[in-house]
Participant: 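Attaching a single structure in structure tokens format; questions to follow.
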Amino acid sequence: MTTTPKTLPGATPSLGRQLIRRKSIAQMERDARNNSGHGSLKRNFGVLQLTMISVGATLGTGILVILGDAVPIAGPAIWLSFVVAGFAALLSAVSYAEMAGMVPVAGSSYSYSYATMGEGMAWICGWCLVLEYAVSVAAVAVGAGQYVNETIAVFGIQLPDAISQPPGGGGLVNLPALIIVLLATVLLVRGAKESALVNTIIVFAKVAILIFFCIVAFTAFNAGNFEPLLPMGAAGMSAAASKVFFSYIGFDAASTAGEEARNPKRDLPRAILLSMLIVTTVYVLVAVAAIGARNWQWFDGVEAPLVQIINEITHQPWIALVFAVTSVLAIVSVVLTVLYGQTRILLTMSRDGLVPKVFGEVSPRTHTPVKGTWIVGVVVALTAAFIPLGALADATSIGTLFAFALVNVAVIYLRVTKPGKARSFRVPLYPVVPVLGALACLFLMANLDGMTWLVFGAWMLVGIVLYLAYGRRNSRVGGLDDQAYLLSHQDD
Ligand code: ALA
């Protein structure tokens with residue numbers, strides 16, 4: 001199927017036509033090579049760095065903080081909730097792997113939607129990705145701020161609320177969250193390679209402390225804690241699965257590094273799948289170890305449960321301190337890599353004209369989108385510092401699930417329309433896996449509460465208004481240059 005425009009060169013298409021016009025994969029690759037004359041990113045990353053970017057973006061508050069909120073919902077079956085959420089994420093991860101190997105640019109699911117469902121869905125997906133990346137990272141930074149507080153509390157120091165809580169939360173500014181986001185921004189501006197190195201070191205450290213937690217917790221293992229397995233019934237287990245789905249958000253971050261990978265077609269699918277394997281194994285082990293060590297009712301209202309368990313079992317405050325400090329770093333690496341992903345997605349969207357040009361300017365010196373990174377970093381830092389995120393943070397999972405569902409649909413679409421196109425990775429058991437993947441996302445979305453849906457609806461409404469006011473007028477796809485290109489690549 002071709003993407004030949006139906007409008008005359010220079011004519012403005014109708015809204016309906018504009019919403020469904022697609023951008024070909026070849027055209028995306030060409031744009032990535034030229035970056036509209038704005039300087040290019042550098043291909044620095046191999047499979048190790050890419051995997052670490054995904055693990056870095058994934059493993060954080062979900063297991064360190066949200067585990068404690070989810071145990072009272074599921075009971076001892078919390079480990080099953082992690083398996084269910086992980087299975088749903090894995091179904092989408094294999095779809096991401098196929099798409100990332102086929103469309104190795106920096107836009108992730110935004111680009112996959114543009115290539116398949118057209119501009120309207122691509123914008124919606126890009127707008128959902130802002131929820132998945134920018135809004136979630138603000139929420140994650142707030143979580144890191146809380147951990148900083150608990151860490152220094154080990155020394156008997158407590159930050160005053162005025163500088164550790166946002167207005168509305170009893171304070172003036174959440175300073176730890178602000179500082180964490182700004183530090184990550186400075187690092188990202190300096191260079192992608194430097195950021196990836198720092199991230200890799202932290203990822204090794206965070207996986208190590210979680211393995212250490214399992215070893216310590218297993219010394220206090222009580223099999224009786226697993227009975228009854230489902231005190232809240234299967235409904236409790238699946239509601240908790242929707243909640244802990246947050247902890248899998250981020251495995252797709254490697255797919256935003258498509259233009260900085262040395263061999264994206266080979267390495268992106270590997271990195272995505274490898275990172276899923278690592279985080280799922282760690283999550284299930286930690287959940288089993290935590291329940292084995294403490295009865296599920298103990299978790300109610302306990303903040304930072306893993307630190308508490310370590311402290312209670314070892315009776316060594318310094319061990320708890322090392323654990324807590326590494327936990328803060330763990331969350332910092334989520335902030336670093338998720339911010340990274342957001343800047344690369346916006347870079348791609350700006351190339352298409354859907355967001356302002358400034359996000360696409362790459363510095364020839366650092367090979368990073370310096371201005372775009374500062375804008376994203378400052379907005380996220382201010383959001384984390386001054387806005388009690390509340391319901392908006394809950395909406396990040398719903399936005400992410402929607403983006404994941406679209407990727408599953410994109411796989412099916414391209415299998416039907418471009419069966420002969422080379423794929424470096426193919427989803428196994430097609431079409432069962434992408435169909436199940438999309439259904440699993442819808443199922444988890446349906447499990448989220450009405451308030452979350454309401455916030456999501458409001459978010460979408462804002463997105464539609466922004467598109468009509470800006471994106472629709474400034475979209476460059478289908479412009480004269482593209483049309484000439486498309487006509488000479490009819491068979492793409
Ligand atoms: N998955 C990321 C976390 O758990 C967002 O912090």
Side-chain angles (χ1 to χ4, degrees), residues 51-71 78 81-82 85-86 88-90 92-93 96 108 128-148 176-177 180-181 184 199 202-203 205-207 209-210 213 240-256 272 275-284 286-287 290 303-306 326-342 345 380 383-384 389 392-401 403-404 441 444 448:
T51 308
M52 293 298 113
I53 287 174
S54 275
V55 178
T58 312
L59 213 155
T61 32
I63 194 70
L64 293 164
V65 181
I66 294 175
L67 170 76
D69 300 337
V71 171
I78 184 66
S81 305
F82 273 103
L90 180 67
S92 294
Y96 261 98
S108 186
C128 282
L129 291 177
V130 175
L131 261 186
E132 179 187 349
Y133 283 77
V135 177
S136 83
V137 87
V140 165
V142 171
Q146 280 161 7
Y147 247 93
V148 170
I180 285 168
V181 178
N199 175 58
I202 300 180
V203 168
K206 66 182 171 182
V207 171
I209 57 151
L210 288 173
F213 168 81
S242 296
K243 198 163 183 72
V244 301
F245 185 80
F246 185 81
S247 50
Y248 289 96
I249 294 177
F251 72 75
D252 49 315
S255 68
T256 65
I272 291 171
S275 65
M276 269 304 292
L277 185 73
I278 295 170
V279 296
T280 310
T281 310
V282 170
Y283 288 168
V284 175
V286 168
E303 288 193 11
L306 305 190
T326 317
S327 299
V328 173
L329 285 178
I331 302 177
V332 170
S333 86
V334 177
V335 173
L336 181 69
T337 44
V338 175
L339 273 183
Y340 164 86
Q342 180 65 86
I345 291 164
V380 169
T383 308
L389 291 163
L392 197 53
D394 286 343
T396 60
S397 287
I398 214 169
T400 308
L401 284 162
F404 287 4
C441 292
L444 290 174
L448 291 163

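Since the model is a prediction, treat every value here as computed from it, not as a measurement. Both ligands and their constituent atoms are indexed starting at 1 by order of listing. One-based numbering along the sequence shown.
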Participant: For atom 4 (O) of ligand 1, what is the nearest protein heavy atom, given as residue, atom name and distance?
Facilitator: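 It is Gly62 N, 2.8 Å.
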
Participant: List ligand 1 atoms under 4.0 Å from Ser247, heavy atoms only on the residue side.
Facilitator: 1 (N), 4 (O)

Participant: Is there any N or O on Val140 that sits under 3.5 Å from an N or O of ligand 1?
Facilitator: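 For ligand 1, there is no N or O atom that lies under 3.5 Å from one belonging to Val140.
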
Participant: Please determine which of Ile331, Ile53, Asn199 meets the side chain to side chain contact (heavy atoms under 4.5 Å, CB included) test together with Leu336.
Facilitator: Asn199

Participant: Parallel, tilted or perpendicular, judged at 30° and 60°: which one describes the rings of Phe82 and Tyr283?
Facilitator: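 Judged by the thresholds at 30° and 60°, the geometry between Phe82 and Tyr283 is tilted.
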
Participant: Do Thr326 and Lys206 have side-chain N/O donor and acceptor atoms under 3.5 Å apart?
Facilitator: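 The criterion, which ignores hydrogens and geometry beyond distance, is not satisfied for Lys206 and Thr326.
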
Participant: For the residue pair Ser255 / Ser108, report whether a side-chain donor-acceptor contact shorter than 3.5 Å exists.
Facilitator: yes

Participant: Could you say whether the N/O atoms of Ile63 and ligand 1 ever approach to under 3.5 Å?
Facilitator: no

Participant: Below 4.0 Å from ligand 1: does a non-hydrogen atom of Gly250 turn up there or not?
Facilitator: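 Contact absent.
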
Participant: Applying a heavy-atom cut-off of 4.0 Å, say which part of Ala57 lies close to ligand 1: side chain, backbone, both or neither.
Facilitator: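 The part of Ala57 near ligand 1 is the backbone, not the side chain.
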
Participant: With atoms numbered from 1 as shown, which atoms in ligand 1 lie under 4.0 angstrom from a non-hydrogen atom of Ile249?
Facilitator: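 Near Ile249, the atoms of ligand 1 are 1 (N), 2 (C), 5 (C).
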
Participant: Which residue and non-hydrogen atom of the protein lie closest to atom 2 (C) of ligand 1, and at what distance in Å?
Facilitator: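 Closest protein heavy atom to atom 2 (C) of ligand 1: Thr58 O, 3.1 Å.
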
Participant: Can you label the angle between the Tyr96 ring and the Phe251 ring as parallel, tilted or perpendicular, going by 30° and 60°?
Facilitator: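 Judged by the thresholds at 30° and 60°, the geometry between Tyr96 and Phe251 is perpendicular.
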
Participant: Indicate yes or no: at least one non-hydrogen side-chain atom of Thr400 is less than 4.5 angstrom from one of Phe404.
Facilitator: yes

Participant: I need the nearest protein heavy-atom contact for atom 6 (O) of ligand 1: residue, atom name and distance, please.
Facilitator: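 Going atom by atom, the protein heavy atom closest to atom 6 (O) of ligand 1 ends up being Thr61 OG1, 2.6 Å.
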
Participant: Restricting to non-hydrogen atoms, name the atom on Ala138 and the atom on Ala384 that form the minimum distance, rounded to 0.1 Å.
Facilitator: O-CB, 3.7 Å

Participant: Under 3.5 Å between some N or O of ligand 1 and some N or O of Tyr248?
Facilitator: no

